[in-house]
Amino acid sequence: MLPSGSDSQQRSLENPDKQTMRVDSTKRNDKMIEVPRKKLNMRLYTQSEQKFQDIVNSKLVTISIIALVGAYAILIFIIVALEELLDETQFNNVSSILSWIELGILIVFIIEIFVGLYAWGIKKYYKDKWLILDTLIILLSLFFVIFELADQKTSNVIKVIQAVFRFLRIFLLIRKAQTFRRLATISTISTPAEKIVRFLAELKEVLEDENMKLDIDYCIDKIGNNQLYQMGKLDEDNAEAMAWLNQSQQGRTEVKRILTNDQQQQQQKKVIANFQKLNIPKRLLDILYKQHDDLYIDPFECDKLSGGEGLVNLMLFFFENYNLFDVFLIKPKVVRGYFEEVMKGYLDNPYHNKVHAQDVAQTCNFLLSKCKFIEIGQLDEQDIACVLIAGAIHDYGHPGLTNAFLINSRNELALTYNDQSVLEMYHPSQCFKIAWGNQKVNIFENLQFHKYRRIRESIILMVLSTDMAHHASELAITNSRVAAPDFEPNGKDKQRLMDLIVHSSDVSNPTKSFEIYKQWTEKVLSEFWLQGDKERDLGLPISYLCNRYTTNTAEAQVGFIDYVVKPTFACVLGFLPAYEPFFQNLDKNKAKWQELIEFYKQQLASIQPK
Ligand SMILES: [Zn+2]
């Protein structure tokens, strides 16, 4: 039989050696609420006691006891029936066999009681007062059976007492049957929430502290009414932040720390205060609360609102949002320092500059968060950090010239990296040097070595994946993986998909609003044309799209969408179904460029080479 509250004790007090209990933790914030154990006023069990509790509570033992109770009921029925049907001599002949069987069953019940007493202790075991009566009935039944076996000739008084006890044994059977019903309830409970509510109710029974009982009532109420993730009233001063908090918590299924209303409001204020401590300009912070995972955020506006430090502020926001300060064990000032250095390393190119880096990091976050790659790839905080950092550093020190130009012009970078993914090798190499060259900005310094190795490898792979030279071959492999029966977005294919997240973000301009897209197009072509001018001056062949006198902007974009961007995002759509509503932007934007082809033709006709 199960003393009430045994399940919850067993689960809560797993480690009797611990001086404090882990009451709850959230996935995002792994800090524990430490509750001194004496406050709970609960007994901690030794490992062997817990083992016996497990045995008594096990399905096998419970079902065996129930089966034995059934057998005992049949036995009593047979004894009563035979006593009525047979004469005294016939009955005496069979009764000793039946008494031996009864003795065996009663001994098993006695053993069960002793194991229970050992496992829970007398006080807890007999907290259910009915168990005292059960024990008494079993002991007296045992006494009468032994008495019967020792002396067949019983007096009439003893016979009456025996009859009374047989009645009481039926009562005992009903009690046992209740245990059976309880077992059936456990196995048919349909949701974890119902189980948690039941465990909490049992926990409440064994607690003596009235305040803690009230807290448990609060928990049961919130779980029962499905209000776990509902915020308290909005703080009007922080309406943007509170709306973001509410929105960012929608649909999250992990167990949250269960808090009272006051605690909840304190928690919200703390979260907002943490963001405010980062010194992100207020207007930018308000935009990030609303749009940090939005495809249509305006990157130029974000950069302007932060005085040209959009990249730094965006990365600080992400570090706080994903709890990465705790993952990297660093202070915000180290992160700020690091990304300030990264930002300074971006040259003032028309396109490959710090705003492009900020835009790619933010688009990565759109795919991670809004398109649910975090859930689909089961990304942990380290994975998230890798993707966002890779996005931020992926074009560090970009000279505004392509790999082909660097190789053809025998540039020092091409010599250093042996003409292989020259810039994609250079960007992460420089960014790791920034960290290890200055302790004050080294975001990797406090990571354990194996974690650092994993993060470094992942970031480098993602930046290398942005080399357009490998675009077609890598995309073909990723497409075949996505279609494969053993595709594992959260396992062996995760890194490949993370690579694609960064690469697709890098070519994502055509998926955005046409207004933003057109600005990026003008910037990238003006950078290409500057390279074309250089090639012309050096007598080198002018690269594709780099001739300002022949490149039709609109035609170039139609081709870019058809041959690069659409196949890339079709692959993304293959494993991120939430991307679907945004995929159609490509056709809409392509149609707009098609309408402009004639306009750009006329524009080209009006300009002549010098
Ligand atoms: Zn880029």
Side-chain angles (χ1 to χ4, degrees), residues 295 297 299-300 302-303 310-312 314-315 318 339 342-368 386-406 413 417 420-432 434 458-472 474-475 498-512 516-531 543-546 556-557 560-561 563-565 567-569 572:
L295 185 67
I297 193 171
F300 307 110
C302 288
D303 189 56
L311 178 63
V312 175
L314 182 75
M315 292 310 287
F318 288 151
F339 286 105
V342 169
M343 194 183 65
K344 278 186 224 158
Y346 276 96
L347 305 182
D348 198 17
N349 299 315
Y351 181 83
H352 288 102
N353 53 41
K354 61 187 179 181
V355 186
H356 167 64
Q358 169 206 314
D359 180 52
V360 170
Q362 193 273 328
T363 307
C364 286
N365 188 51
F366 156 76
L367 293 169
L368 291 179
C386 289
V387 173
L388 298 172
I389 294 171
I393 69 162
H394 84 282
D395 273 331
Y396 174 90
H398 198 295
L401 301 162
T402 61
N403 282 338
F405 181 92
L406 298 175
L413 287 177
Y417 296 107
Q420 304 299 310
S421 297
V422 176
L423 286 170
E424 293 72 22
M425 297 277 247
Y426 172 67
H427 306 312
S429 164
Q430 293 303 302
C431 290
F432 279 100
I434 289 174
S458 181
I459 291 174
I460 291 172
L461 284 171
M462 282 184 269
V463 178
L464 286 174
S465 78
T466 62
D467 183 357
M468 285 305 293
H470 306 302
H471 164 79
E474 287 301 317
L475 191 63
M498 284 162 66
D499 295 349
L500 184 62
I501 293 291
V502 176
H503 171 50
S504 58
S505 298
D506 197 22
V507 296
S508 66
N509 296 332
T511 69
K512 315 231 164 142
I516 302 282
Y517 172 24
K518 193 159 177 280
Q519 291 183 63
W520 284 124
T521 301
E522 283 159 6
K523 286 170 185 296
V524 78
L525 284 178
S526 86
E527 190 173 303
F528 283 169
W529 291 340
L530 286 173
Q531 176 177 316
S543 302
Y544 176 60
L545 300 178
C546 292
Q557 287 308 307
F560 183 49
I561 290 173
Y563 298 109
V564 177
V565 187
T568 304
F569 280 91
V572 169

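Along the sequence shown, residues are numbered consecutively beginning with 1. Remember, it's 1-based here, ligands and their atoms both numbered in the order they're listed.
Between His352 and His394, the side chains place no donor N or O within less than 3.5 Å of an acceptor N or O (distance only, hydrogens not considered).
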Side chain to side chain contact (heavy atoms under 4.5 Å, CB included) assessment of Cys302 paired with Gln358: CA-CA 9 Å; Cys302 288; Gln358 169 206 314; 3.5 Å; yes
From CA spacing to verdict: salt bridge (charged side-chain N to carboxylate O under 4.0 Å, His left out), Glu527, Lys523: CA-CA 6 Å; Glu527 190 173 303; Lys523 286 170 185 296; over 6 Å; no
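Of all N/O/S atoms in Asp395, OD2 sits nearest the Zn ion (ligand 1). No other N/O/S atom of Asp506 lies as close to the Zn ion (ligand 1) as OD1 does.
Between the Zn ion (ligand 1) and His394 there is an N/O/S contact shorter than 2.8 Å. Within the 2.8 Å limit, His356 places at least one N, O or S atom next to the Zn ion (ligand 1).
The minimum heavy-atom distance between Gln362 and Phe318, with the atom names listed, is CA-CZ, 4.2 Å.
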